[in-house]
Amino acid sequence: MINKSKNFLNRIVEEDLNAGKYQEIVTRFPPEPNGFPHIGHAKSISINFGIAKEYLGHCNLRMDDTNPTTEDTQYVEALKDAVKWLGFEWDKEVRYTSDYFSKLYEYAIQLIKMEKAYVDSLDEEKMREYRGTVTQVGKRSKFAQRSVEENLDLLERMKKGEFKEGEHVLRAKIDMASPNMKMRDPLLYRIKDAHHFRAKDEWSIYPMYDFAHCLSDYIEGVTHSICTLEFENNREIYDWVLDTLELEPPRPYQHEFARLNINYTVMSKRKLLELVEKEIVSGWDDPRLPTIAGLRRRGYTPESILNFCEQIGVAKANSVVDVAQLEFSIRDNLNPKVPRVMCVLDPLKVTITNYEGSEELEASYYPYDVPKEGSRKVPFSKEIYIERDDFMENPSKGYFRLTPDQPVRLKHAYIISCKEIIKDGQGNIVEIKAEYYPDSKSGSDTSGIKVRSAIQWVEANKAKEIEVRLYDRLYNNEAPDGIEDINPNSLKVIKNALIEPSVLPEKIGVRFQFERHGYFFADPIDYSDETPVFNKIVSLKESSSQKRKVSQNKPKLQAKKVQIDGEVTPMTQEEEVLFEKYTNELKLNSEVANTLARDKQLSSLYEEALTTHSSPINIANLITNEVARELKNKSIDELKFTPKQIATLIKMVDDKTISTKIAKQVFEEMSKNGEEPTQIVESKGLIQISDPAVILPIIEDIIAKNPENVEKYRAGNSKLFGFFVGQVLKATGGKANPKVVNELLKNVALS
RNA sequence: UGGGGUAUGGCCAAGCGGUAAGGCAACGGUUUUUGGUACCGUUAUUCGGGGGUUCGAAUCCCUCUACCCCAUCCA
């Protein structure tokens, strides 16, 4: 793979590997077996198995079967199939969360003993009420005060099935006032009087996702637990459970990515189910569905799906991928490998009046640009069928095919000219009488006739009838809402398309390109010798000139949106006073003064630094920018540097000992280990170079090494100026005085 | 409304202070016995808006805006 840019997950994994955090990378694909997998699952499979493969680790397949009422074994089979079909192998046996029920139970007991979990007996409604809302804190249930013994006893009896569903639950004792709703004493176990498809009737209680998932990951030695964005809020519990239990390291960490969306289709379990249940589609494997089964039956290849996943990348922004990207991936995959055959979907009879007898023509399966060998015989006689729209009596401009005045080549055969048009009573064309040019035979053409197109055809008596199913997008709406957006023409069945006879001995699961139509797949379910059925996988790409006829010029051009700013919270009186002082007395610009005045920590740091070195503007700038960054994820007493050090740093800038660029570098060093700025500058030799005599040779060297860029710059590409500055600074380890470099570059070297 | 996220061309997406990668789509052109493929070229003076810091900002700071997720005994 060339130029593969890394996504954020690769980065994380590599960092962890470099830091020696784990011996081996272990990922997992953990679906709940409660529905059929779709292309969104394929993305997850591709990521999880892909990372494991790339970093020489392994990936587990784990059925997250903690809810016996929704899960079933038919789905685990479908899930296994999907992974296998995509070409991945999971590590050892398929894992099940239900295999860990006993261990999980032990962990629950441990939490109770640590007084970190309790049995709650509030009813559902009360519990919701107690949870509070996003803006209001919740309150703890009185049952949270139960003793360890009582909790242990209750849990044991819950497990034994002594209580009814809903009577009790086990909850983690965390924080009912947490701003993260998920942390308000989340449920760990609930009673379920249900038959589990694997655990049978052994358990009366089942663990919740938030308790089971992190621990299952841990039990399996998973290192990177990759899930979708909607679990971001759950990460805090994930960490809480693992940390609270004080498990032996290493432990897994959760990372989230954006789930896949594709336009003109739906991905949610609910909407997919609706389509199937209302029989809008024929089943879970309907070729219009984005399910793995559907895609597979449609004729998509595993490689094409994997390539698609690779192309769309992995990120954290919610996005909608264009179906065109998926279609591209299958065309791209099939083009260099499937044989081309001739099929006529909407036949128009052509009689070649000057041809007698019959012959078999040698026809290559692949065009000149596909490096594959192979051919078949195609029967030819005076009676053939061509595609109805490959003839036009009154052609529009730019029409390349057969017309009364324009000959056309029959692919692999002869050139013909239209001599007569036969119509029925209504004026519909029913037949063309044509003549062929005997010296125009494909491969030995001496006729010298120029044609603009070669069309596919079939011999009338030997051609076979087949059923062709043409699929279009399932919805008319780019972002479908519901069944009201269904495309009524998403499936068009042609019962009697005609295909050249060589194709028919073929069986299910074979792919062809029907020349000039698209890629087709022998339907694995309905294909039979009596009624051969082919599914259209995807059309050939439609060229611009073809489209121009149909599409009208689309109106576009949107004006740039004007954004109205919201109101800024007014300053308090105290802040006002500071702001005045900073702008008037210290001459800070209002923006800097504003941020400083509004932030108590920053302003106190600032005031203190000023007492060491009186350089109000420069110190203010450093504090509002660099220090503010440090304070974003640290508290003020975690800072390693002192205001005094800031002052000495700025003093060096003011002395011109170092540049502001270096100052930032030094500052970073300071905030990491609290070293004295003067020390850092000295030990790293960061004193700035301002002597033109030193800098000039470096500049000349850079210029000599980049003649093309110099030329481009001189030709007017002024953006390149920054490139040269950057190169010089890089060459001097950042020590060159950038102002001097700019000067020299502008006035001497590049003038 | 509290918290957690996200914003880079028509659609994905790299980028982590020094020339705005790449793919899809679109548009030209060359080749072509597929209006396909392949190949060549064009398409972001600008990164949600506004300010600030810097010689230099998509990248750092402030601020505003929009969208997504969280108040299942679902996962």
Side-chain angles (χ1 to χ4, degrees), chain A residues 3 5-7 31-32 34 64 66-67 70 124 127-128 131-136 138 165-166 169 178-182 184 187 189-192 208-209 213 229-236 256 258 263 311-313 315-322 324-325 328 331 335-336 340 367-370 398 400 409 411-412 442 445 451-456 513 515-516 540-546 556 561-568 589 591-592 594-595 598 621-622 624-626 628-629 659-661 664 709 712 717 719-727 729-730 737-739 741-743:
Chain A
N3 274 346
S5 55
K6 290 187 165 62
N7 63 50
E32 182 189 13
N34 71 342
D64 207 4
T66 57
N67 186 357
T70 57
E124 225 176 311
M127 204 173 287
R128 186 164 29 244
R131 188 143 35 218
T133 67
V134 287
T135 46
Q136 284 171 287
E165 281 188 21
V169 293
S178 170
N180 179 357
M181 294 299 293
K182 295 261 153 143
R184 321 254 254 228
L187 271 62
Y189 271 95
R190 79 289 215 191
I191 297 170
K192 273 212 187 244
M208 301 291 288
Y209 165 86
H213 204 94
L229 247 29
E230 65 268 29
F231 291 99
E232 276 170 331
N233 297 317
N234 301 253
R235 188 177 54 228
E236 210 176 338
E256 311 87 9
N263 58 14
Q311 281 167 16
I312 59 172
K316 294 190 78 142
N318 287 309
S319 57
V320 182
V321 175
D322 195 335
Q325 186 96 36
F328 166 81
R331 280 193 204 106
N335 173 53
R340 273 66 168 169
Y368 76 100
D369 52 1
V370 171
F400 290 179
R409 169 169 300 280
K411 179 109 187 172
H412 304 301
S442 187
D445 184 357
V451 290
R452 304 180 71 179
S453 182
I455 61 172
Q456 80 278 21
Q513 184 192 110
E515 202 120 10
R516 303 208 303 129
L540 256 29
K541 192 175 165 185
E542 284 179 21
S543 90
S544 46
S545 55
Q546 237 175 355
K556 243 205 322 199
K561 272 176 276 176
V562 180
Q563 203 170 85
I564 300 153
D565 273 12
E567 243 171 80
V568 182
N589 77 36
E591 197 61 34
V592 172
N594 191 23
T595 40
R598 280 169 185 276
N621 286 342
L622 186 94
T624 39
N625 292 289
E626 311 307 307
R629 179 182 59 237
S659 63
T660 48
K661 184 187 173 80
K664 285 182 190 185
N709 280 343
K712 273 195 235 164
N717 189 347
K719 277 188 290 190
L720 279 167
F721 193 75
F723 164 76
F724 292 111
V725 180
Q727 291 299 307
L729 261 81
K730 201 171 156 193
N737 181 333
K739 282 182 194 163
V741 174
N742 272 274
E743 274 304 293

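The sequence lines fix the lettering, A, B, ..., with proteins before strands; numbering per chain opens at 1. Because only heavy atoms are used, hydrogens play no part in the values below, and waters and symmetry mates are left out as well, while side chains stay in.
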**Message:** Does the structure show A:Phe723 stacking with B:G18, if we require the centres to be closer than 5.5 Å and the planes to be within less than 30 degrees of parallel?
**Reply:** no

**Close side-chain approach of A:Glu236 and A:Lys182, heavy atoms under 4.5 Å** = no

**Asked** So what does A:Tyr368 touch, heavy atoms closer than 4.0 Å: a base, only the sugar-phosphate, or nothing?
**Response** base

**Message:** Categorize A:Gln513 for me: base, sugar-phosphate, or nothing, with a 4.0 angstrom heavy-atom threshold over every strand shown.
**Reply:** base

**Request:** Examine B:G4: is either OP1 or OP2 under 4.0 Å from a nitrogen or oxygen in the side chain of A:Arg235? Give yes or no.
**Result:** no

**Validation row: A:Phe721, A:Asn742 side chains within 4.5 angstrom (heavy atoms)** = yes

**Asked** Counting any heavy atom closer than 4.0 Å, what does A:Val592 reach on the DNA or RNA strands: base, sugar-phosphate only, or nothing?
**Response** sugar-phosphate

**Message:** Taking only the C1' atom of each, what is the distance from B:C12 to B:A25 in whole angstrom?
**Reply:** 11 Å

**d(CZ, A:Arg190; C1', B:C74) in whole Å** = 7 Å

**Asked** Of all the nucleotides listed (B:G23, B:C74, B:U33), which has the minimum atom distance to the side chain of A:Glu32?
**Response** B:C74

**Asked** A:Lys661 has an atom NZ; how far is it from atom P of B:A57, in whole Å?
**Response** 12 Å

**Asked** Would you say the side chain of A:Lys739 lies within less than 4.5 Å of the side chain of A:Ser659, judging by non-hydrogen atoms?
**Response** no

**Prompt:** Is the shortest side-chain N/O distance from A:Lys719 to OP1 or OP2 of B:U19 below 4.0 Å?
**Reply:** no

**Asked** Can you name the one residue among A:Lys411, A:His412, A:Arg340, A:Gln456 that meets side-chain hydrogen bond (donor to acceptor under 3.5 Å, both in side chains) with A:Glu515?
**Response** A:Lys411

**Message:** Looking only at the side chain of A:Asp322 (C-beta and beyond, no hydrogens), which of the listed nucleotides B:C11, B:C62, B:U33 gets closest?
**Reply:** B:C11

**Message:** Without decimals, in angstroms, what is the distance between A:Leu729 CG and B:A57 P?
**Reply:** 14 Å

**Prompt:** Taking atom types as they are modelled, is there a donor-acceptor pair under 3.5 Å from the base of B:G52 to the side chain of A:Asn625?
**Reply:** yes

**Item:** Candidates B:G2, B:C68, B:C12 - which lies nearest the side chain of A:Val320
**Value:** B:C12

**Rounded distance (nearest 0.5 Å) linking atom CZ of A:Arg190 with atom CG of A:Asn67** = 5.0 Å

**Minimum-distance nucleotide (side-chain atoms of A:Lys316 versus B:G50, B:C73, B:G5)** = B:G5

**Message:** Is there a side-chain contact between A:Thr66 and the phosphate of B:A75, meaning an N or O under 4.0 Å from OP1 or OP2?
**Reply:** yes

**Request:** Figure out the CG/P separation between A:Asn234 and B:C70, and round it to whole Å.
**Result:** 10 Å

**Message:** Roughly how many Å apart are B:G4 and B:U45, using the P atom of each and rounding to a whole number?
**Reply:** 35 Å

**Message:** Does A:Ser453 reach a base, just sugar-phosphate, or nothing at all? Heavy atoms under 4.0 Å.
**Reply:** sugar-phosphate

**Prompt:** On a plain distance test, is the side chain of A:Gln136 in donor-acceptor contact with the base of B:G2 below 3.5 Å?
**Reply:** no

**Request:** Could you tell me the separation between the CD atom of A:Glu542 and the P atom of B:G35, rounded to a whole number of Å?
**Result:** 12 Å

**Asked** Any side-chain heavy atom of A:Gln513 within less than 4.5 Å of one from A:Leu540?
**Response** yes

**Message:** Regarding A:Gly566, tell me which of base, sugar-phosphate or nothing describes its non-hydrogen contacts under 4.0 Å with the strands shown.
**Reply:** sugar-phosphate

**Message:** Need the glycosidic conformation of B:U72: syn if within 90° of 0, anti if not. Which one?
**Reply:** syn

**Message:** Considering every strand and a 4.0 Å limit on heavy-atom distances, what is the contact class for A:Val134: base, sugar-phosphate, or nothing?
**Reply:** base

**Prompt:** If you measure from the C1' atom in B:C47 to the same atom in B:U32, how many Å do you get, rounded?
**Reply:** 41 Å

**Item:** Donor-acceptor pair under 3.5 Å, A:Asn742 side chain vs B:C55 base
**Value:** yes

**Message:** Closest approach to the side chain of A:Phe328, judged atom by atom: which nucleotide of B:C24, B:C69, B:A14 is it?
**Reply:** B:C24

**Prompt:** So does A:Asn589 get a side-chain nitrogen or oxygen closer than 4.0 Å to the phosphate oxygens (OP1/OP2) of B:U53?
**Reply:** yes

**Asked** Can you check whether A:Lys182 has a side-chain N or O nearer than 4.0 Å to OP1 or OP2 of B:C69?
**Response** no

**Asked** Within a strict 4.5 Å, meaning less than it, do heavy atoms of the A:Glu32 and A:Tyr209 side chains meet?
**Response** no

**Asked** Quick one: which of B:G3, B:A14, B:A25 gets closest to the side chain of A:Asn180?
**Response** B:G3

**Request:** Return the value, rounded to whole Å, for the distance between atom CD of A:Glu236 and atom P of B:C70.
**Result:** 16 Å

**Asked** Rounded to whole angstroms, how far apart are CG on A:Leu187 and P on B:C73?
**Response** 6 Å

**Asked** Any N or O donor-acceptor pair linking the side chain of A:Asn709 to the base of B:U19 at under 3.5 Å?
**Response** yes

**Request:** Return yes if the base of B:G36 and the side-chain atoms of A:Asp369 contain a donor-acceptor N/O pair under 3.5 Å, otherwise no.
**Result:** yes

**Asked** Counting just side-chain N and O atoms, does A:Arg598 come under 4.0 Å of either OP1 or OP2 of B:C62?
**Response** no

**Message:** Would the base of B:G5 count as contacting A:Asn318 through its side chain, where contact means a donor and an acceptor less than 3.5 Å apart?
**Reply:** no

**Asked** Does a distance-only test, which skips hydrogens and angles, find a donor-acceptor pair under 3.5 Å between the side chain of A:Arg516 and the base of B:U34?
**Response** no

**Message:** By the 4.0 Å heavy-atom rule, please label A:Glu230 as base, sugar-phosphate, or nothing.
**Reply:** sugar-phosphate

**Message:** We want to know whether A:Asn625 and A:Arg629 form a side-chain donor-acceptor pair, criterion being a heavy-atom distance below 3.5 angstrom.
**Reply:** no

**Message:** On the nucleotide B:C73, are OP1 or OP2 found under 4.0 Å from the side-chain N or O atoms that A:Arg131 carries?
**Reply:** yes

**Request:** Tell me what A:Phe231 touches on the nucleic acid: a base, only sugar-phosphate, or nothing, going by heavy atoms under 4.0 Å.
**Result:** base

**Request:** Report yes if at least one side-chain N or O of A:Asn621 is closer than 4.0 Å to OP1 or OP2 of B:U54; otherwise report no.
**Result:** yes

**Complete:** Per atom distances to the A:Arg128 side chain, the nearest of B:G23, B:G36, B:U72 is B:U72

**Prompt:** Contact class for A:Glu124 (heavy atom, under 4.0 Å): base, sugar-phosphate, or nothing?
**Reply:** base

**Prompt:** Would you say the side chain of A:Val568 lies within less than 4.5 Å of the side chain of A:Arg598, judging by non-hydrogen atoms?
**Reply:** yes

**Request:** Grab the CZ-C1' distance between A:Phe724 and B:U19 for me, whole Å please.
**Result:** 9 Å

**Request:** Decide yes or no for A:Asn233 and A:Met181: does some side-chain heavy atom of the first lie under 4.5 Å from some side-chain heavy atom of the second?
**Result:** no

**Prompt:** Are A:Arg184 and B:G3 close enough that a side-chain N or O sits under 4.0 Å from OP1 or OP2?
**Reply:** no

**Asked** Quick one: which of B:U37, B:C55, B:G48 gets closest to the side chain of A:Asn335?
**Response** B:U37

**Asked** Choosing from B:G17, B:U6, B:U32, which nucleotide comes nearest the side chain of A:Lys664?
**Response** B:G17

**Prompt:** When all nucleic acid strands are considered with a 4.0 Å heavy-atom cut-off, which category describes A:Leu720: base, sugar-phosphate, or nothing?
**Reply:** base

**Prompt:** Any donor-acceptor pair under 3.5 Å between the side chain of A:Thr660 and the base of B:U54?
**Reply:** no

**Message:** Mind checking if A:His412 touches a base, just sugar-phosphate, or nothing, with heavy atoms under 4.0 Å?
**Reply:** base

**Message:** Within the 4.0 Å heavy-atom criterion, would you say A:Ser319 contacts the bases, only the backbone, or no part of the nucleic acid?
**Reply:** sugar-phosphate

**Prompt:** Which nucleotide in the list B:G2, B:C73, B:G36 gets nearest to the side chain of A:Lys541?
**Reply:** B:G36

